[in-house]
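What follows is one structure encoded as structure tokens, with my remarks underneath.
Counting starts at 1 for both ligands and their atoms, in listed order. Keep in mind that this is a model prediction, so the values were computed, not measured.
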Amino acid sequence: MKNIVLIGFMGTGKSSVGKILARKLGLKFVDVDEVIEKTTGMKISEIFAKFGEPRFRDIETEVIKLISQNNRQVIATGGGAILREENFKKLKDKGIIVWLKASENVILERVKNCKDRPLLQVENPKQKIKELLTKRIPFYEKADFSINTEELTPEEVAEKIIQEYERLKNGKT
Ligand code: S3P
């Protein structure tokens, strides 16, 4: 079985859905940000603060290169991971790419009390979300399919992914 790769903006539930999905399908769950934190021994926010975003992106690319060599995994990516063409290609090579979607207001509600997302530690997070989303949507649109997560629990999102995955596998549109 191919990997299932979850992409999408911060706060769209990639990690929580990924865990459930992996359990339901008997696959390994791999969270790219967690692997980055484990291998560097630093929190994502520390990496940003000490070395800056470009260094974080290089580490992210290295980790994706390693992870995407394996099969039978559900991979949760960080929200900016697939902006690098190289990362997208590696993930796509062995995986089905699923975009978890939510509107900017829902994203803001979900992330507003969270301090460990360095890109959103700004005066106007709503504006920042809007800017980043506008830039990123064309990249997220390259996914094999998308799920709107706004009205669904992580469990329901996982179920929908399984349904879509089966449909795709059986060649139905
Ligand atoms: C980022 C999203 C984060 C993490 C880092 C950068 C982004 O992951 O990789 O803070 O660029 O959107 P989540 O999407 O899991 O929050």
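Within ligand 1, the atoms closer than 4.0 Å to a non-hydrogen atom of Pro118 are 10 (O), numbered from 1 in the order shown. For ligand 1, the atoms closer than 4.0 angstrom to any heavy atom of Ile44 are 5 (C), 10 (O). Those atoms of ligand 1 that come under 4.0 Å of a heavy atom in Gly78, given as number and element, are 8 (O), 9 (O), 14 (O). Annotation for ligand 1: atoms under 4.0 Å from non-hydrogen atoms of Lys14 are 13 (P), 14 (O), 15 (O).
Closest to atom 16 (O) of ligand 1 among all protein heavy atoms lies Arg117 NE, 2.7 Å. Scanning all protein heavy atoms for the shortest distance to atom 1 (C) of ligand 1 gives Gly79 N, 3.9 Å. Protein heavy atom closest to atom 15 (O) of ligand 1, with residue, atom name and distance, is Asp33 OD2, 3.5 Å.
Remark: distances from the non-hydrogen atoms of Glu34 to ligand 1 are all 4.0 Å or more.
Taking CG from Asp58 and CD1 from Ile47, the interatomic distance works out to 11.5 Å, rounded to the nearest 0.5 Å. Note that CG of Leu91 is 13.5 Å distant from CD1 of Ile4, once rounded to the nearest 0.5 Å.
Ring orientation note: the planes of Phe9 and Tyr140 are nearly perpendicular, at an angle over 60° on the 30°/60° scale.
Close N/O approach between Thr77 and ligand 1 is not found [any backbone or side-chain N/O within under 3.5 Å]. Considering both main-chain and side-chain atoms, Leu119 never comes within under 3.5 Å of ligand 1 through any nitrogen or oxygen pair. Between Arg136 and ligand 1, at least one N/O pair is under 3.5 Å apart. For the pair Arg57 and ligand 1, the shortest N or O to N or O distance falls below 3.5 Å.
When only modelled atom types and interatomic distance are considered, Lys126 and Asn105 share a side-chain donor-acceptor pair under 3.5 Å. Checked by atom type, the side-chain pair Glu86/Thr61 shows no donor-acceptor distance below 3.5 Å.
A salt bridge is absent between Glu156 and Lys160: the closest approach of a Lys/Arg side-chain nitrogen to an acidic carboxylate oxygen does not fall below 4.0 angstrom.
What you find for Ile44 and Glu37 is that their closest heavy atoms are N-OE2, 2.8 Å.
In this structure the side chain of Asp33 reaches within 4.5 angstrom of the side chain of Phe56, judged on heavy atoms.
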